[in-house]
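Each chain gets a letter, A, B and so on, in the order its sequence line appears, and its residues count up from 1. A quick note: this is a predicted structure, and the numbers were derived from the prediction, not measured.
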Amino acid sequence: MLSHEESQVRSVVEFKVQGRTCRGTQGESLLSALRHHGFEVPSLCFHEAVSPYGACRLCLVEVKKGRRSKLTTSCNYPVQEGLEVQLDTDEVVRHRRIVLQLLLAAAPAAKAVRDLAALHGVEETPFVPRPGEDCIQCGMCVRICELVGVNALGFAGRGVRKHVTTPYEKANLACVGCGACADVCPTGCVKVVDADEFRTIERWHLRVPLTACAACGRGFAPEVHLTRMAGQAKMEIARLATCPKCRGRAYAADFRLP
Amino acid sequence: MEERFRSVTDLEAHRRQLTAAHDPNRTVVAVCAGTGCCAYGARRLAEAFREEIDKSNLEVELRVTGCHGFCERGPAVEIYPQGIFYQRVKEADIPEILAETVRNGVAIKRLLYSDTEGRTYEREHEVPFYLHQTRVLLAFNGQINPDSIDDYIAAGGYAALGKVLQEHKPEELVDLIMRSGLRGRGGGGFPTGIKWQSCRKAPAADGVRYILCNGDEGDPGAFMDRSLMEGNPHLILEGMIIGAFAIGYPGKPRGYIYVRNEYPLAVERLGRAMEQARQYGLLGKNILGTGLDFDVLINKGGGAFVCGESTALMASIEGFVGEPRAKHIHTAEQGLFDKPTNLNNVETWANVPLIINRGLEWFTSIGTGDVSKDPWGGSKGTKIFALVGKVNNTGLVEVPMGATLRHIIWDVGGGPPPGKKFKAVQTGGPSGGCLPESLLDLQVDFDRLTDAGSMMGSGGMIVMDESTCMVDLARYFLHFLAEESCGKCISCREGLAQLCAIVDRICKGEGREDDLQLLKDLSATVQAASLCGLGQSAANPLLSTMRYFEEEYRAHITGHRCPAKVCKTLIRYVIDEKCDGCMACNAQCGAKAIQGGKKARHAIDDLLCTRCGVCMDVCKRNAIHVES
């Protein structure tokens, strides 16, 4: 799939959604194009920032190219000239219902899954649930960590034993504790807790000390994370010495009228 | 080895030298050293032959060959020039073989193959198992030494490559393969010509195109690719070099063979074959002086079933987790390392030199349909099947496309063992389907198998008799696939796990009335919503058994019985009046579930019994049977 910058220089193409003519850029994700045009397509594992993966299978649509039509996930399907897209056909709805029932059984403890299922009229599942589970193995955290450049997370195992973890299920020294994984997690199963001068991400066995804000003295970010950010943004670490709140206050002071 | 061929003429001169030196009347003792025979001790047997021959002063060549395909009867030994075929040979038989057969040319009856009626057969091709086959791909497997490139060249090897490099333009070759109607032997049956053409036409800025060979063969019980790689590695290499010329010349074609690490012998022999080919100038820079540069690397796979899928295989070669990716941009355009890539199965590559040597007419005369206008129009050539299960002769079977199941199972396989009744045949490996007796006259080709709800797959063929429970069978394959699913798509990962859970409870007699409908609905979603071939075909064993053996599912659900008497929760072991109280079962029972003293009729305590069946095996009076 193309990055946003790459798709900018690509040509504009026309395609049809439910008979309505739409424009998009050649090769961009069909799901983001559909959402851009105001169509609602459910998904749990798609985020503009990271590469599409196609794990949750909720963004199913029917695409027709030439004479052949087929079902496909729209997140990793490239927009092309002359494409005809149908949303919510009987078949799509039928399969999506079952995928939602599977998700309900796979992660009954995830509120986001229950809410999305309810939105599509699925309140119960005929399948055997896995009590307490709240992760759907969509790998969003893995991909965002890759984008951050840390690669602290990865998949282990195959089939139903597949799960996201750190190497050897131990705290990964490479992890900077930035919390981007928790930010993109669609089910909220990755939790970042800042308390007692420590940041804890229990799921990744992580516990790192927080740097105290130079102004207010409260711990606000792990030191490794600040160093890394300063390096990436080519700025002095001193500018990151205060917490966002205090930094905001300081900047605001500069704008104060005399 | 001395020389490097600088031209096709060099190669042909070398071949003439080899044929001139070859004495057709020379006595050769050929010992099969395929994985099956090695498991029976063939390596030790070959060494013992070597020692005995050295001691005896006989003028005999000892040749270690590849797999004959009749693995059940291993170790196999063939004596040339007579062509006498011995099976189940032991070290103790060696002096007699040398004295009787080698010295006097007399066959030893005891070592010959004998059928269920006691008839013996002296020569390999007379044995019914071989007589009814059309062995072209496997033709040289039992005759040449896979570690000797000279053996292969003497048998006509690399002639197709020479011919191609001298007489054909790459485009003509692609066209030839297109018109031959050759379709992918890995299971999908996609026309090889179309694949080659798209890869050749795909733009490649730096000229790099990847030519890959899929030797990942992961179906339980299937071993045709392994036997080809072990028994005739040069045939596959020759196919790939021809492919490199057709697809990547002029340019920079590069090759990989992806073999699973569980095939150490295949890796070893392919590696040696590549080394020899490099020394002869058949791989590497400027092949046979024609300006074609092409070399091949072996990539050992970790044994994940899903890595047989094309994109997962490529991800694995690139060093990533073997996970399939969406193929909206075909791998022919952007495959391995984002370069145009052509991936064919071992058996497909092996067909290529044959088509060139024997010609289009020959190849299209074998098989079904008409491919003169459309490569999808039929299935041409032969197909190798791994025939296993409840048949008299198990092993590798090569038959023309379009042979009926009856022909394969009865004429070649010798039918079910005495006293057993045929029930179903499972084709296409774990994602294939089960076909009942009523479909025995079905002609086996890509399209007919698919129409019947099964598939060609890589060519596994498991024959089952009355003692197989179809629900239990579906359960086995579902569990295999649920374990082997990469776990990326929810529909496949969770869907297969739930299918397993439902079938598990049916096997326990806890099935619900609406379970059959639930299985059908969920299967449809697993097929439609999953990304790759694994998920899309995973429900096949379930759907085909439900289609042809629905009454068996119903018996489990409503009757709480297992008609085949397999599902443990639904059966009980019973001791009848034939019991004379010998205590044999009592002594063997690990669960201490058998009561009754000496000379008194025993009884089994159902609550303690684990249904392991040991008692039935040890009972000399046949007094124990299974009830359901």
Side-chain angles (χ1 to χ4, degrees), chain A residues 1-2 27 29-30 44-45 51-60 62-63 65 70-73 75-80 91-92 94-107 113 125-130 133 136-139 142 154-164, chain B residues 302-307 311-312 320-329 334 478-502 504-505 510 512 514-515 517-532 534-536 538:
Chain A
M1 205 62 44
L2 299 174
S29 157
L30 177 58
L44 284 171
C45 72
S51 57
Y53 187 59
C56 77
R57 316 311 282 175
L58 286 170
C59 64
L60 282 179
E62 193 182 305
V63 292
K65 204 166 72 174
K70 64 171 181 183
L71 283 189
T72 180
T73 42
C75 62
N76 54 7
Y77 196 87
V79 168
Q80 299 151 62
E91 219 189 340
V92 165
R94 201 171 67 234
H95 294 312
R96 189 179 288 151
R97 272 187 74 86
I98 291 188
V99 170
L100 282 166
Q101 290 171 343
L102 287 172
L103 278 165
L104 270 186
V113 172
T125 175
F127 303 120
V128 190
R130 227 177 280 152
E133 182 61 68
I136 58 165
Q137 315 301 341
C138 69
V142 178
F155 280 115
R158 266 206 300 271
V160 272
R161 279 194 285 275
K162 181 174 191 150
H163 62 285
V164 179
Chain B
F305 178 72
V306 72
C307 285
T311 53
F320 296 105
V321 175
E323 251 177 29
R325 59 173 181 246
K327 280 189 274 194
H328 305 309
I329 297 165
Q334 264 183 41
L478 282 174
H479 275 276
F480 175 84
L481 291 164
E483 292 266 310
E484 291 296 336
S485 158
C486 82
K488 178 175 179 171
C489 303
I490 300 270
S491 48
C492 178
R493 183 184 75 228
E494 302 298 334
L496 287 176
Q498 295 295 349
L499 285 176
C500 284
I502 300 168
D504 279 353
R505 72 173 174 240
E510 293 161 9
R512 302 166 195 162
D514 54 359
D515 271 354
Q517 192 54 45
L518 188 59
L519 284 174
K520 279 179 197 158
D521 293 346
L522 178 53
S523 296
T525 299
V526 174
Q527 282 178 329
S530 302
L531 169 69
C532 80
L534 192 151
Q536 285 163 8

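- Between B/C489 and A/G54 the shortest heavy-atom distance is SG-O, 4.1 Å.
- Options B/K488, B/E483, B/E494, B/R325 differ in how many heavy-atom pairs under 4.5 Å they form with chain A, and the most are formed by B/K488.
- Taken to the nearest 0.5 Å, the CD1 atom of A/I136 stands 8.0 Å off from the CZ atom of B/R493.
- The OG atom of B/S491 lies 10.0 Å from the CG atom of A/L58; values are rounded to the nearest 0.5 Å.
- Heavy-atom distances place the side chain of A/F155, and not its backbone, under 4.5 Å from chain B.
- Between A/N76 and B/H328 the shortest heavy-atom distance is O-CD2, 2.9 Å.
- Atom CG of A/L103 is separated from atom CD1 of B/I490 by 4.5 Å, given to the nearest 0.5 angstrom.
- Here the rule is side-chain contact (heavy atoms from CB on, under 4.5 Å) with B/T525, and of A/H95, A/R57, A/R97, A/Q101 only A/H95 fits it.
- Using a 4.5 Å cut-off between heavy atoms, A/R130 touches chain B through its side chain atoms alone.
- Here CD1 of A/I98 is found 7.5 Å from CG of B/L518. Values are rounded to the nearest 0.5 Å.
- With a 4.5 angstrom heavy-atom cutoff, B/D521 touches chain A via backbone and side-chain atoms both.
- Atom CZ of A/R94 has more than 12 heavy atoms from other residues, nucleotides or ligands within 6.0 Å.
- Contacts with chain A were tallied for B/A501, B/C486, B/A524; B/C486 has the most, counting heavy-atom pairs under 4.5 Å.
- Heavy atoms of A/K65 lying under 4.5 Å from chain B are absent altogether.
- Residue contact with chain A, scored on non-hydrogen atoms closer than 4.5 Å, involves the backbone and the side chain of B/L531 alike.
- The contact between B/Q498 and chain A is made entirely by side chain atoms (from C-beta outward), counting heavy-atom distances below 4.5 Å.
- With a threshold of 4.5 angstrom between heavy atoms, B/A529 approaches chain A through its backbone and through its side chain.
- The local environment of NZ in B/K520 is crowded, with over 12 non-hydrogen atoms from other residues, nucleotides or ligands closer than 6.0 Å.
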